[in-house]
**Q** 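Attaching a single structure in structure tokens format; questions to follow.
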Amino acid sequence: MIRLFAIPYAFGGANIYYDLEKEIDENIELIPVEYSGHAGRFSEPLIYNIQEIATDAYTQIADKIRGEYAILGYSMGGIVAYELFRIIKEKGKPLPKCIMAFGSTEPDFKHKGGNFEEYDVNQIRDLLIEFGGTPPELLEDEQMLEVISPIVISDSIALRDYVPSPCEEYAISVPLTVLRGDKEEKLENCECSWRRYCTSDFTYCIVPGEHFFMFEKDGARTAEFARMIETIISRS
């Protein structure tokens with residue numbers, strides 16, 4: 001049995017991996033990470049800093065880091081995984097078998113700026129439309145937008161202000177696989193930039209789809225990516 005710690009994308013919760021958990025091989029124990037203030041931890045304080053988000057993720061998995069394990073991060077989860085690897089190494093814990101960053105921009109990518117602290121509901125709606133992946137019914141629900149606005153704001157600030165830990169000191173020293181969708185924007189520097197953050201085997205692949213390629217078609221592609229994850233882990 002190998003554990004797979006799965007870190008969500010911005011604004012998302014651990015429940016995004018529900019379908020993957022059903023599809024993944026029974027010899028892989030999928031353990032989703034939940035961000036503070038999100039979904040199942042909605043009542044807890046939000047975190048506005050990627051390194052602190054990674055520290056919080058570490059506290060969730062620290063007692064489960066034993067035997068073989070891997071880390072998967074989607075979108076923002078990919079850079080959280082990079083910072084989480086640094087913490088695991090600093091703590092002297094066993095290193096993961098491999099790391100996967102799906103739909104993840106490179107750590108030194110400059111994310112969207114803005115005075116997110118002052119955004120109203122209409123601006124939050126526009127931001128969600130720009131990011132993509134939000135169900136239309138949620139975008140039309142003013143009350144729900146009010147509820148999730150603090151989460152959108154906190155994650156947007158965390159991405160806007162993120163300065164990665166130096167790759168010269170903290171590069172990933174286990175196999176790293178980065179997947180991006182062929183319809184995503186701003187891919188031109190992704191491969192070469194991510195490569196700087198890995199000193200081990202590095203694989204970069206473009207797959208069909210938008211930014212949320214693994215979740216497209218109402219989960220119809222989940223099995224496809226479950227098989228891909230199994231292959232990546234077995235080859236590491």
Side-chain angles (χ1 to χ4, degrees), residues 6-20 32-50 52-54 56-57 72-83 101-107 109-162 178-187 190 207-222 225:
I7 309 172
Y9 46 70
F11 322 148
N15 60 338
I16 70 165
Y17 290 113
Y18 177 72
D19 288 339
L20 180 62
V33 170
E34 189 79 274
Y35 295 137
S36 183
H38 294 53
R41 299 176 65 194
F42 186 77
S43 62
E44 298 180 43
L46 291 161
I47 304 176
Y48 296 77
N49 176 279
I50 294 293
E52 292 177 14
I53 291 172
D56 178 73
L72 166 66
Y74 206 98
S75 193
M76 184 177 85
I79 58 175
V80 173
Y82 168 67
E83 297 293 344
F102 288 6
S104 300
T105 53
E106 58 274 23
F109 178 82
K110 298 302 179 186
H111 289 272
K112 179 181 175 64
N115 296 321
F116 301 122
E117 297 89 340
E118 302 173 6
Y119 270 29
D120 59 25
V121 172
N122 290 325
Q123 290 170 300
I124 293 296
R125 181 186 290 108
D126 291 342
L127 189 61
L128 289 170
I129 292 170
E130 182 179 346
F131 270 91
T134 303
E137 58 271 20
L138 193 154
L139 293 171
E140 296 166 6
D141 189 330
E142 196 89 3
Q143 189 173 4
M144 276 304 300
L145 284 174
E146 289 278 5
V147 170
I148 68 171
S149 285
I151 294 172
V152 176
I153 289 170
S154 68
D155 288 356
S156 297
I157 291 171
L159 289 169
R160 179 196 68 190
D161 297 345
Y162 175 56
V178 176
L179 263 58
R180 299 297 304 274
D182 63 357
K183 294 182 176 63
E184 291 192 73
E185 297 180 352
K186 301 174 181 176
L187 297 178
C190 190
V207 298
E210 306 280 353
H211 179 60
F212 294 101
F213 50 82
M214 194 167 86
F215 306 95
E216 288 176 350
K217 301 179 182 178
D218 295 324
R221 300 185 69 187
T222 305
F225 288 101

**Q** List the atom of L159, the atom of A10, and the distance in Å for their closest heavy-atom pair.
**A** CD1-CB, 4.2 Å
**Q** State yes or no: are the ring centers of F213 and Y74 separated by less than 6.0 Å?
**A** yes
**Q** Please evaluate residues I79 and F109 with respect to the criterion side chain to side chain contact (heavy atoms under 4.5 Å, CB included), reporting the C-alpha separation (whole Å), side-chain torsions for both, the decisive distance (0.1 Å), and the verdict.
**A** CA-CA 10 Å; I79 58 175; F109 178 82; over 6 Å; no
**Q** Any donor-acceptor pair under 3.5 Å linking the side chain of S75 with the backbone of S104?
**A** no
**Q** So does F11 get a backbone contact from the side chain of D155, meaning a donor-acceptor N/O pair under 3.5 Å?
**A** yes
**Q** Taking the six-membered ring for Trp, are Y9 and F131 closer than 6.0 Å centroid to centroid?
**A** no
**Q** For A158 and I50, work out which heavy atoms get closest and say how close.
**A** O-CG1, 3.5 Å
**Q** Taking the side chain as every heavy atom from C-beta outward, state whether L139 and I129 have any atom pair closer than 4.5 Å.
**A** yes
**Q** Mind running side chain to side chain contact (heavy atoms under 4.5 Å, CB included) on Y162 and E83 for me, showing each step along the way?
**A** CA-CA 11 Å; Y162 175 56; E83 297 293 344; 2.6 Å; yes
**Q** For residues V207 and F102, determine if any side-chain heavy atom of one lies less than 4.5 Å from a side-chain heavy atom of the other.
**A** no
**Q** State, to 0.1 Å, how close P32 and A14 come at their nearest heavy-atom pair, and which atoms those are.
**A** CB-CB, 3.5 Å
**Q** Walk me through it: do I151 and F42 pass the test side chain to side chain contact (heavy atoms under 4.5 Å, CB included)?
**A** CA-CA 9 Å; I151 294 172; F42 186 77; 4.0 Å; yes
**Q** Below 4.5 Å, heavy atoms only, C-beta onward: do V152 and L145 meet side chain to side chain?
**A** no
**Q** Under a 3.5 Å cutoff, is there a donor and acceptor pairing between the side chains of H111 and D161?
**A** no
**Q** Can you name the nearest heavy-atom pair linking H38 to S154, along with the distance?
**A** CE1-OG, 4.4 Å
**Q** Less than 4.0 angstrom from a charged side-chain N to a carboxylate O is my criterion; do E140 and R125 meet it?
**A** no
**Q** Determine, stepwise, if the pair E117 / R160 fulfils salt bridge (Lys or Arg N to Asp or Glu O under 4.0 Å).
**A** CA-CA 11 Å; E117 297 89 340; R160 179 196 68 190; 2.9 Å; yes
**Q** What I'd like to find out is whether the side chain of L20 reaches to under 4.5 Å of the side chain of M214, using heavy atoms alone.
**A** yes
**Q** Mark yes or no for whether D182, through its side chain, and G209, through its backbone, hold a donor-acceptor pair below 3.5 Å.
**A** yes
**Q** Would you name the heavy atoms of V33 and A57 that are closest together and state the gap between them?
**A** CG1-CB, 3.9 Å
**Q** Side chains of Y35 and I47: closer than 4.5 Å at any heavy-atom pair?
**A** no
**Q** Under a 3.5 Å distance rule, please check whether E44 uses its side chain to pair with a backbone N or O of G37 as donor and acceptor.
**A** no
**Q** For the pair E184 (side chain) and G181 (backbone), establish whether a donor and an acceptor sit closer than 3.5 Å, ignoring hydrogens and angles.
**A** yes
**Q** Please check if atom CD in E137 has more than 12 non-hydrogen atoms from other residues, nucleotides or ligands closer than 6.0 Å.
**A** yes
**Q** Checking side chain to side chain contact (heavy atoms under 4.5 Å, CB included) for the pair Y119/D126: CA distance, chi angles, key distance, verdict?
**A** CA-CA 10 Å; Y119 270 29; D126 291 342; over 6 Å; no
**Q** Taking E118's backbone N and O only, do any of them form a donor-acceptor pair with N115's side chain (distance below 3.5 Å, no angle check)?
**A** no
**Q** So, do M144 and P135 sit near enough that their side-chain heavy atoms are less than 4.5 Å apart?
**A** no
**Q** Less than 4.5 Å apart, side chain to side chain, heavy atoms only: is that true for T105 and R180?
**A** yes
**Q** How long is the span from the OH atom in Y17 to the CZ atom in F215, to the nearest 0.5 Å?
**A** 5.5 Å
**Q** Taking the side chain as C-beta and beyond, is there a heavy-atom pair between I153 and I124 under 4.5 Å?
**A** yes
**Q** Locate the shortest heavy-atom distance separating E34 from G40; write the atom from each residue and the value.
**A** OE2-N, 3.1 Å
**Q** So, are D56 and R41 salt-bridged, with charged N and O less than 4.0 Å apart?
**A** yes
**Q** Within this structure, what is the OH-OG distance for the pair Y48 and S156, rounded to the nearest 0.5 Å?
**A** 11.0 Å
